[in-house]
2 protein chains.
Amino acid sequence: MLPVNDTAPPPAPAADRLVEATRELLWERGYTGTSPKAIQQRAGAGQGSMYHHFTGKPDLALAAITRTAEELRALADGLLSGPGTAVERVTAYLRRERDVLRGCPVGRLTQDPEVMADPVLRAPVEQTLGWLRVRLAEVLAEGRANGELPPSVDPSGTAATVVAVLQGGYVLARAAGDTAPFDQAVTGLITLLAPPA
Amino acid sequence: MLPVNDTAPPPAPAADRLVEATRELLWERGYTGTSPKAIQQRAGAGQGSMYHHFTGKPDLALAAITRTAEELRALADGLLSGPGTAVERVTAYLRRERDVLRGCPVGRLTQDPEVMADPVLRAPVEQTLGWLRVRLAEVLAEGRANGELPPSVDPSGTAATVVAVLQGGYVLARAAGDTAPFDQAVTGLITLLAPPA
DNA sequence: GTCTATAATCAGATAGAC
DNA sequence: GTCTATCTGATTATAGAC
(Lines give C-alpha, C1' and ligand atoms only; values in the text may rest on other atoms or scores of the structure.)
Protein backbone atom coordinates (compact mmCIF):
# COMPACT_ATOMS: atom_id res chain seq x y z
CA MET A 1 0.00 0.00 0.00
CA LEU A 2 1.36 3.37 -0.97
CA PRO A 3 1.18 6.09 1.67
CA VAL A 4 -1.84 7.99 0.30
CA ASN A 5 -3.27 10.46 2.75
CA ASP A 6 -4.92 13.12 0.65
CA THR A 7 -8.20 14.56 1.85
CA ALA A 8 -8.97 16.47 -1.34
CA PRO A 9 -8.62 15.03 -4.82
CA PRO A 10 -5.33 16.08 -6.42
CA PRO A 11 -5.56 18.40 -9.40
CA ALA A 12 -5.58 16.57 -12.72
CA PRO A 13 -2.13 16.30 -14.26
CA ALA A 14 -1.45 18.58 -17.22
CA ALA A 15 -1.56 15.70 -19.70
CA ASP A 16 -5.07 14.79 -18.59
CA ARG A 17 -6.27 18.36 -18.65
CA LEU A 18 -4.91 18.71 -22.18
CA VAL A 19 -6.77 15.63 -23.35
CA GLU A 20 -10.01 16.79 -21.74
CA ALA A 21 -9.70 20.24 -23.27
CA THR A 22 -9.05 18.66 -26.65
CA ARG A 23 -12.11 16.43 -26.29
CA GLU A 24 -14.32 19.43 -25.60
CA LEU A 25 -12.91 21.49 -28.44
CA LEU A 26 -13.10 18.65 -30.97
CA TRP A 27 -16.73 18.28 -30.03
CA GLU A 28 -17.50 21.99 -30.21
CA ARG A 29 -15.33 23.13 -33.09
CA GLY A 30 -13.97 20.05 -34.86
CA TYR A 31 -10.35 19.22 -35.57
CA THR A 32 -9.69 21.84 -38.24
CA GLY A 33 -11.33 24.50 -36.10
CA THR A 34 -9.27 23.70 -33.00
CA SER A 35 -5.85 25.28 -32.54
CA PRO A 36 -3.12 24.15 -30.14
CA LYS A 37 -3.29 27.55 -28.51
CA ALA A 38 -7.01 27.16 -27.79
CA ILE A 39 -6.32 23.76 -26.25
CA GLN A 40 -3.54 25.14 -24.06
CA GLN A 41 -5.72 27.99 -22.87
CA ARG A 42 -8.65 25.76 -21.97
CA ALA A 43 -6.37 23.29 -20.24
CA GLY A 44 -4.48 26.00 -18.40
CA ALA A 45 -1.21 24.66 -19.76
CA GLY A 46 1.60 26.33 -21.68
CA GLN A 47 3.06 25.41 -25.02
CA GLY A 48 6.08 23.81 -23.43
CA SER A 49 3.85 21.54 -21.39
CA MET A 50 1.76 20.51 -24.35
CA TYR A 51 4.72 19.71 -26.58
CA HIS A 52 6.41 17.86 -23.76
CA HIS A 53 3.49 15.44 -23.33
CA PHE A 54 2.39 15.18 -26.95
CA THR A 55 4.23 15.35 -30.24
CA GLY A 56 1.66 17.74 -31.70
CA LYS A 57 -1.94 18.35 -32.51
CA PRO A 58 -2.58 14.98 -34.21
CA ASP A 59 -1.12 13.09 -31.26
CA LEU A 60 -3.33 14.95 -28.80
CA ALA A 61 -6.36 14.47 -31.02
CA LEU A 62 -5.75 10.74 -31.16
CA ALA A 63 -5.73 10.54 -27.36
CA ALA A 64 -8.91 12.63 -27.19
CA ILE A 65 -10.77 10.71 -29.89
CA THR A 66 -9.80 7.36 -28.41
CA ARG A 67 -11.09 8.31 -24.99
CA THR A 68 -14.34 9.69 -26.39
CA ALA A 69 -14.90 6.60 -28.52
CA GLU A 70 -14.37 4.31 -25.52
CA GLU A 71 -16.87 6.28 -23.46
CA LEU A 72 -19.52 6.21 -26.15
CA ARG A 73 -19.11 2.51 -26.65
CA ALA A 74 -19.31 1.69 -22.96
CA LEU A 75 -22.46 3.77 -22.60
CA ALA A 76 -24.16 2.15 -25.58
CA ASP A 77 -23.18 -1.34 -24.52
CA GLY A 78 -24.55 -0.77 -21.05
CA LEU A 79 -27.98 0.04 -22.44
CA LEU A 80 -28.04 -2.54 -25.23
CA SER A 81 -26.87 -5.33 -22.94
CA GLY A 82 -29.13 -4.27 -20.09
CA PRO A 83 -32.49 -5.63 -18.95
CA GLY A 84 -35.66 -5.64 -21.04
CA THR A 85 -36.87 -6.96 -24.35
CA ALA A 86 -34.95 -6.26 -27.54
CA VAL A 87 -37.28 -3.44 -28.58
CA GLU A 88 -37.16 -1.98 -25.08
CA ARG A 89 -33.37 -1.93 -25.13
CA VAL A 90 -33.21 -0.31 -28.58
CA THR A 91 -35.81 2.21 -27.43
CA ALA A 92 -33.82 2.89 -24.28
CA TYR A 93 -30.77 3.56 -26.40
CA LEU A 94 -32.71 5.85 -28.72
CA ARG A 95 -34.30 7.72 -25.79
CA ARG A 96 -31.15 7.95 -23.74
CA GLU A 97 -30.35 11.38 -22.41
CA ARG A 98 -28.26 13.30 -24.90
CA ASP A 99 -26.78 16.73 -25.36
CA VAL A 100 -28.71 16.97 -28.62
CA LEU A 101 -27.62 20.43 -29.75
CA ARG A 102 -23.96 19.56 -29.27
CA GLY A 103 -24.36 16.50 -31.45
CA CYS A 104 -22.42 13.25 -31.43
CA PRO A 105 -18.76 13.71 -30.49
CA VAL A 106 -17.79 10.79 -32.71
CA GLY A 107 -20.12 11.26 -35.65
CA ARG A 108 -19.07 14.88 -35.88
CA LEU A 109 -15.50 13.93 -36.77
CA THR A 110 -16.83 12.32 -39.89
CA GLN A 111 -17.31 15.79 -41.40
CA ASP A 112 -13.72 16.79 -40.82
CA PRO A 113 -11.64 16.13 -43.93
CA GLU A 114 -8.37 16.32 -42.00
CA VAL A 115 -9.55 13.60 -39.62
CA MET A 116 -10.85 11.35 -42.37
CA ALA A 117 -7.67 11.80 -44.40
CA ASP A 118 -5.52 10.50 -41.54
CA PRO A 119 -5.87 6.72 -41.13
CA VAL A 120 -4.75 6.88 -37.52
CA LEU A 121 -7.36 9.46 -36.50
CA ARG A 122 -10.01 7.92 -38.66
CA ALA A 123 -9.73 4.37 -37.31
CA PRO A 124 -11.48 4.92 -33.96
CA VAL A 125 -14.34 6.75 -35.69
CA GLU A 126 -14.83 3.95 -38.19
CA GLN A 127 -14.54 1.24 -35.54
CA THR A 128 -16.91 2.84 -33.06
CA LEU A 129 -19.73 3.43 -35.51
CA GLY A 130 -19.11 0.02 -37.06
CA TRP A 131 -19.28 -1.67 -33.70
CA LEU A 132 -22.49 0.15 -32.82
CA ARG A 133 -24.22 -1.04 -35.98
CA VAL A 134 -23.18 -4.63 -35.33
CA ARG A 135 -24.30 -4.52 -31.71
CA LEU A 136 -27.67 -3.05 -32.64
CA ALA A 137 -28.09 -5.66 -35.37
CA GLU A 138 -27.56 -8.39 -32.77
CA VAL A 139 -30.27 -6.98 -30.54
CA LEU A 140 -32.65 -6.52 -33.47
CA ALA A 141 -32.00 -10.10 -34.63
CA GLU A 142 -32.93 -11.23 -31.14
CA GLY A 143 -36.16 -9.25 -31.37
CA ARG A 144 -37.02 -10.74 -34.71
CA ALA A 145 -36.27 -14.27 -33.51
CA ASN A 146 -38.65 -14.01 -30.57
CA GLY A 147 -41.43 -12.35 -32.55
CA GLU A 148 -41.15 -8.81 -31.22
CA LEU A 149 -40.33 -7.63 -34.74
CA PRO A 150 -41.80 -8.81 -38.03
CA PRO A 151 -39.72 -11.17 -40.19
CA SER A 152 -39.45 -8.40 -42.81
CA VAL A 153 -36.99 -6.39 -40.72
CA ASP A 154 -33.41 -7.01 -41.76
CA PRO A 155 -31.30 -6.65 -38.60
CA SER A 156 -28.26 -5.07 -40.30
CA GLY A 157 -30.31 -2.69 -42.41
CA THR A 158 -32.52 -1.67 -39.51
CA ALA A 159 -29.47 -1.17 -37.31
CA ALA A 160 -28.10 1.24 -39.91
CA THR A 161 -31.46 3.01 -39.93
CA VAL A 162 -31.42 3.37 -36.14
CA VAL A 163 -27.93 4.85 -36.02
CA ALA A 164 -28.70 7.09 -39.00
CA VAL A 165 -31.80 8.50 -37.30
CA LEU A 166 -29.68 9.50 -34.32
CA GLN A 167 -26.87 11.02 -36.36
CA GLY A 168 -29.30 12.73 -38.69
CA GLY A 169 -31.49 13.84 -35.80
CA TYR A 170 -28.54 15.84 -34.49
CA VAL A 171 -28.20 17.53 -37.87
CA LEU A 172 -31.87 18.52 -37.92
CA ALA A 173 -31.73 19.80 -34.35
CA ARG A 174 -28.69 21.94 -35.05
CA ALA A 175 -30.23 23.29 -38.24
CA ALA A 176 -33.40 24.21 -36.35
CA GLY A 177 -31.59 25.44 -33.26
CA ASP A 178 -34.01 23.27 -31.32
CA THR A 179 -34.03 19.72 -30.00
CA ALA A 180 -37.60 19.06 -31.21
CA PRO A 181 -36.73 17.63 -34.65
CA PHE A 182 -34.39 15.13 -33.01
CA ASP A 183 -37.18 13.92 -30.73
CA GLN A 184 -39.63 13.82 -33.61
CA ALA A 185 -37.26 11.72 -35.72
CA VAL A 186 -36.69 9.27 -32.86
CA THR A 187 -40.38 9.01 -32.04
CA GLY A 188 -41.18 8.51 -35.73
CA LEU A 189 -38.72 5.65 -35.91
CA ILE A 190 -39.99 3.98 -32.74
CA THR A 191 -43.54 4.20 -34.09
CA LEU A 192 -42.45 2.46 -37.27
CA LEU A 193 -40.48 -0.17 -35.35
CA ALA A 194 -43.17 -0.96 -32.81
CA PRO A 195 -46.52 0.41 -34.05
CA PRO A 196 -49.07 1.04 -31.31
CA ALA A 197 -51.74 -1.65 -31.14
CA MET B 1 -32.49 41.63 -79.88
CA LEU B 2 -28.88 42.13 -78.92
CA PRO B 3 -26.28 41.27 -81.55
CA VAL B 4 -25.18 37.91 -80.16
CA ASN B 5 -23.03 35.93 -82.56
CA ASP B 6 -20.95 33.69 -80.37
CA THR B 7 -20.33 30.14 -81.52
CA ALA B 8 -18.69 28.96 -78.30
CA PRO B 9 -20.09 29.62 -74.82
CA PRO B 10 -18.31 32.56 -73.20
CA PRO B 11 -16.12 31.77 -70.20
CA ALA B 12 -17.92 32.16 -66.89
CA PRO B 13 -17.38 35.57 -65.32
CA ALA B 14 -15.02 35.71 -62.40
CA ALA B 15 -17.81 36.32 -59.91
CA ASP B 16 -19.54 33.12 -61.00
CA ARG B 17 -16.34 31.10 -60.92
CA LEU B 18 -15.69 32.36 -57.40
CA VAL B 19 -19.14 31.30 -56.21
CA GLU B 20 -18.79 27.87 -57.80
CA ALA B 21 -15.36 27.37 -56.28
CA THR B 22 -16.74 28.38 -52.89
CA ARG B 23 -19.63 25.95 -53.25
CA GLU B 24 -17.25 23.09 -53.92
CA LEU B 25 -14.92 23.99 -51.10
CA LEU B 26 -17.71 24.48 -48.56
CA TRP B 27 -18.94 21.03 -49.50
CA GLU B 28 -15.52 19.39 -49.31
CA ARG B 29 -13.90 21.25 -46.43
CA GLY B 30 -16.55 23.31 -44.66
CA TYR B 31 -16.49 27.02 -43.95
CA THR B 32 -13.79 27.03 -41.30
CA GLY B 33 -11.61 24.81 -43.45
CA THR B 34 -11.88 27.00 -46.54
CA SER B 35 -9.54 29.97 -47.00
CA PRO B 36 -9.99 32.88 -49.40
CA LYS B 37 -6.73 31.89 -51.04
CA ALA B 38 -8.00 28.38 -51.75
CA ILE B 39 -11.14 29.83 -53.31
CA GLN B 40 -9.14 32.17 -55.51
CA GLN B 41 -6.89 29.38 -56.70
CA ARG B 42 -9.74 27.06 -57.56
CA ALA B 43 -11.60 29.86 -59.32
CA GLY B 44 -8.52 31.05 -61.16
CA ALA B 45 -9.04 34.54 -59.81
CA GLY B 46 -6.76 36.88 -57.90
CA GLN B 47 -7.31 38.55 -54.57
CA GLY B 48 -8.19 41.85 -56.21
CA SER B 49 -10.90 40.19 -58.24
CA MET B 50 -12.39 38.43 -55.26
CA TYR B 51 -12.49 41.50 -53.05
CA HIS B 52 -13.89 43.56 -55.91
CA HIS B 53 -16.92 41.28 -56.31
CA PHE B 54 -17.44 40.31 -52.67
CA THR B 55 -16.86 42.07 -49.40
CA GLY B 56 -15.11 39.05 -47.91
CA LYS B 57 -15.36 35.39 -47.07
CA PRO B 58 -18.78 35.58 -45.36
CA ASP B 59 -20.28 37.43 -48.33
CA LEU B 60 -18.98 34.83 -50.77
CA ALA B 61 -20.16 32.01 -48.54
CA LEU B 62 -23.65 33.49 -48.41
CA ALA B 63 -23.85 33.54 -52.21
CA ALA B 64 -22.58 29.95 -52.35
CA ILE B 65 -24.88 28.62 -49.64
CA THR B 66 -27.90 30.36 -51.12
CA ARG B 67 -27.29 28.86 -54.56
CA THR B 68 -26.72 25.39 -53.12
CA ALA B 69 -29.86 25.59 -51.00
CA GLU B 70 -31.97 26.64 -53.99
CA GLU B 71 -30.66 23.74 -56.04
CA LEU B 72 -31.37 21.20 -53.34
CA ARG B 73 -34.85 22.49 -52.82
CA ALA B 74 -35.71 22.48 -56.54
CA LEU B 75 -34.45 18.93 -56.87
CA ALA B 76 -36.42 17.67 -53.88
CA ASP B 77 -39.58 19.47 -54.91
CA GLY B 78 -39.37 17.98 -58.40
CA LEU B 79 -39.41 14.46 -56.99
CA LEU B 80 -41.91 15.04 -54.19
CA SER B 81 -44.35 16.84 -56.47
CA GLY B 82 -43.88 14.37 -59.33
CA PRO B 83 -46.02 11.45 -60.43
CA GLY B 84 -46.77 8.37 -58.32
CA THR B 85 -48.34 7.51 -55.00
CA ALA B 86 -47.18 9.24 -51.83
CA VAL B 87 -45.02 6.31 -50.79
CA GLU B 88 -43.56 6.06 -54.29
CA ARG B 89 -42.58 9.73 -54.25
CA VAL B 90 -40.97 9.51 -50.83
CA THR B 91 -39.16 6.38 -51.96
CA ALA B 92 -38.03 8.13 -55.14
CA TYR B 93 -36.62 10.94 -53.03
CA LEU B 94 -34.87 8.50 -50.71
CA ARG B 95 -33.44 6.52 -53.63
CA ARG B 96 -32.47 9.51 -55.70
CA GLU B 97 -28.94 9.45 -57.05
CA ARG B 98 -26.57 11.04 -54.57
CA ASP B 99 -22.89 11.65 -54.12
CA VAL B 100 -23.09 9.74 -50.87
CA LEU B 101 -19.48 9.97 -49.74
CA ARG B 102 -19.43 13.73 -50.22
CA GLY B 103 -22.50 14.07 -48.05
CA CYS B 104 -25.20 16.71 -48.06
CA PRO B 105 -23.87 20.17 -49.00
CA VAL B 106 -26.47 21.82 -46.80
CA GLY B 107 -26.56 19.43 -43.85
CA ARG B 108 -22.79 19.61 -43.63
CA LEU B 109 -22.86 23.29 -42.75
CA THR B 110 -24.76 22.40 -39.61
CA GLN B 111 -21.50 21.12 -38.12
CA ASP B 112 -19.65 24.36 -38.72
CA PRO B 113 -19.82 26.55 -35.60
CA GLU B 114 -18.84 29.67 -37.55
CA VAL B 115 -21.76 29.16 -39.92
CA MET B 116 -24.26 28.45 -37.18
CA ALA B 117 -23.06 31.44 -35.16
CA ASP B 118 -23.81 33.82 -38.03
CA PRO B 119 -27.59 34.38 -38.43
CA VAL B 120 -27.16 35.41 -42.06
CA LEU B 121 -25.27 32.26 -43.06
CA ARG B 122 -27.39 30.07 -40.89
CA ALA B 123 -30.77 31.18 -42.24
CA PRO B 124 -30.66 29.33 -45.58
CA VAL B 125 -29.58 26.14 -43.83
CA GLU B 126 -32.39 26.33 -41.33
CA GLN B 127 -34.96 27.25 -43.96
CA THR B 128 -33.99 24.56 -46.44
CA LEU B 129 -34.06 21.70 -43.97
CA GLY B 130 -37.23 23.12 -42.41
CA TRP B 131 -38.95 23.36 -45.78
CA LEU B 132 -37.94 19.80 -46.63
CA ARG B 133 -39.50 18.43 -43.46
CA VAL B 134 -42.73 20.30 -44.09
CA ARG B 135 -42.92 19.18 -47.73
CA LEU B 136 -42.29 15.55 -46.78
CA ALA B 137 -44.91 15.77 -44.04
CA GLU B 138 -47.46 16.94 -46.63
CA VAL B 139 -46.75 13.97 -48.86
CA LEU B 140 -46.85 11.56 -45.92
CA ALA B 141 -50.16 13.04 -44.75
CA GLU B 142 -51.51 12.41 -48.22
CA GLY B 143 -50.37 8.79 -48.00
CA ARG B 144 -52.00 8.33 -44.64
CA ALA B 145 -55.25 9.90 -45.84
CA ASN B 146 -55.57 7.53 -48.76
CA GLY B 147 -54.66 4.43 -46.78
CA GLU B 148 -51.12 3.85 -48.10
CA LEU B 149 -49.80 4.37 -44.60
CA PRO B 150 -51.28 3.26 -41.29
CA PRO B 151 -53.05 5.85 -39.14
CA SER B 152 -50.29 5.44 -36.54
CA VAL B 153 -47.75 7.34 -38.63
CA ASP B 154 -47.49 10.96 -37.60
CA PRO B 155 -46.64 12.92 -40.79
CA SER B 156 -44.37 15.48 -39.11
CA GLY B 157 -42.53 12.93 -37.01
CA THR B 158 -42.08 10.53 -39.87
CA ALA B 159 -40.88 13.36 -42.11
CA ALA B 160 -38.19 14.12 -39.54
CA THR B 161 -37.28 10.44 -39.50
CA VAL B 162 -36.94 10.37 -43.28
CA VAL B 163 -34.65 13.41 -43.42
CA ALA B 164 -32.66 12.14 -40.45
CA VAL B 165 -32.05 8.79 -42.14
CA LEU B 166 -30.57 10.59 -45.13
CA GLN B 167 -28.43 12.97 -43.11
CA GLY B 168 -27.32 10.19 -40.78
CA GLY B 169 -26.77 7.80 -43.67
CA TYR B 170 -24.13 10.19 -44.99
CA VAL B 171 -22.40 10.12 -41.62
CA LEU B 172 -22.32 6.33 -41.56
CA ALA B 173 -21.06 6.14 -45.13
CA ARG B 174 -18.25 8.59 -44.45
CA ALA B 175 -17.30 6.77 -41.27
CA ALA B 176 -17.15 3.47 -43.14
CA GLY B 177 -15.55 4.94 -46.25
CA ASP B 178 -18.25 3.08 -48.16
CA THR B 179 -21.72 3.91 -49.47
CA ALA B 180 -23.20 0.60 -48.26
CA PRO B 181 -24.37 1.79 -44.81
CA PHE B 182 -26.24 4.67 -46.45
CA ASP B 183 -28.09 2.25 -48.72
CA GLN B 184 -28.77 -0.09 -45.82
CA ALA B 185 -30.22 2.70 -43.72
CA VAL B 186 -32.47 3.84 -46.57
CA THR B 187 -33.61 0.32 -47.36
CA GLY B 188 -34.26 -0.33 -43.68
CA LEU B 189 -36.46 2.75 -43.49
CA ILE B 190 -38.41 1.90 -46.64
CA THR B 191 -39.05 -1.59 -45.29
CA LEU B 192 -40.46 -0.09 -42.11
CA LEU B 193 -42.55 2.45 -44.00
CA ALA B 194 -43.96 0.02 -46.54
CA PRO B 195 -43.44 -3.55 -45.29
CA PRO B 196 -43.49 -6.20 -48.03
CA ALA B 197 -46.76 -8.10 -48.10
C1' DG C 1 8.00 19.39 -16.68
C1' DT C 2 7.20 24.04 -17.71
C1' DC C 3 8.58 28.56 -19.41
C1' DT C 4 9.91 32.06 -22.81
C1' DA C 5 11.85 33.27 -27.16
C1' DT C 6 11.93 32.69 -32.13
C1' DA C 7 10.15 31.73 -36.69
C1' DA C 8 8.11 30.13 -41.09
C1' DT C 9 3.76 29.93 -42.97
C1' DC C 10 -1.12 30.95 -43.51
C1' DA C 11 -5.56 33.76 -42.85
C1' DG C 12 -8.05 37.55 -44.12
C1' DA C 13 -7.99 41.53 -45.54
C1' DT C 14 -6.73 46.93 -47.34
C1' DA C 15 -4.53 50.29 -50.62
C1' DG C 16 -3.36 51.94 -54.66
C1' DA C 17 -1.40 51.21 -59.36
C1' DC C 18 -2.86 49.90 -63.97
C1' DG D 1 -11.98 44.67 -62.97
C1' DT D 2 -7.65 42.82 -61.92
C1' DC D 3 -2.94 43.05 -60.10
C1' DT D 4 0.75 43.56 -56.68
C1' DA D 5 2.34 45.18 -52.28
C1' DT D 6 1.61 45.50 -47.60
C1' DC D 7 -0.18 44.50 -42.96
C1' DT D 8 -1.93 42.38 -38.50
C1' DG D 9 -2.62 38.49 -36.19
C1' DA D 10 -3.09 33.28 -35.93
C1' DT D 11 -1.15 28.72 -36.67
C1' DT D 12 2.01 25.17 -35.51
C1' DA D 13 5.62 24.36 -34.17
C1' DT D 14 11.29 24.27 -32.40
C1' DA D 15 15.16 25.61 -29.15
C1' DG D 16 16.99 26.31 -25.12
C1' DA D 17 16.76 28.31 -20.34
C1' DC D 18 15.05 27.24 -15.68
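Note on naming: letters A, B, ... go to the chains in the order of the sequence lines (proteins, then strands), and numbering restarts at 1 for each one.
- The nearest whole Å value for the distance from the CD1 atom in Ile39(B) to the C1' atom in dA13(C) is 13 Å.
- Using a cutoff of 4.0 Å between basic side-chain nitrogens and carboxylate oxygens, Glu148(A) and Arg89(A) are not scored as salt-bridged.
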Self-check item: Contact pattern, 5' to 3', of nucleotides 11-16 of chain D - B, S or - by protein heavy atom under 4.0 Å
Solution: SSBB--
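- Rounding to the nearest 0.5 Å places CG of Leu109(A) at 10.0 Å from CD of Gln111(B).
- For the OP1/OP2 pair of dT2(C) and a distance below 4.0 Å, the side-chain nitrogens and oxygens of His53(A) include at least one atom meeting the criterion.
- Look at NE2 on His52(B): it is 17 Å from P on dA17(C), rounded to the nearest Å.
- Between the CG atom of Leu25(A) and the P atom of dA10(D) there is a distance of 16 Å, given to the nearest Å.
- Under the 3.5 Å distance criterion, with hydrogens and angles disregarded, no donor-acceptor pair is assigned to the side chains of Thr179(A) and Arg98(A).
- With respect to the salt-bridge test (charged N to carboxylate O, under 4.0 angstrom), the residues Glu20(A) and Arg23(A) qualify.
- For Leu140(B) against Pro155(B), the heavy-atom pair with the smallest separation is CD1-O, 3.7 Å.
- A donor-acceptor contact under 3.5 angstrom links the side chains of Thr187(A) and Arg95(A), judged on distance only.
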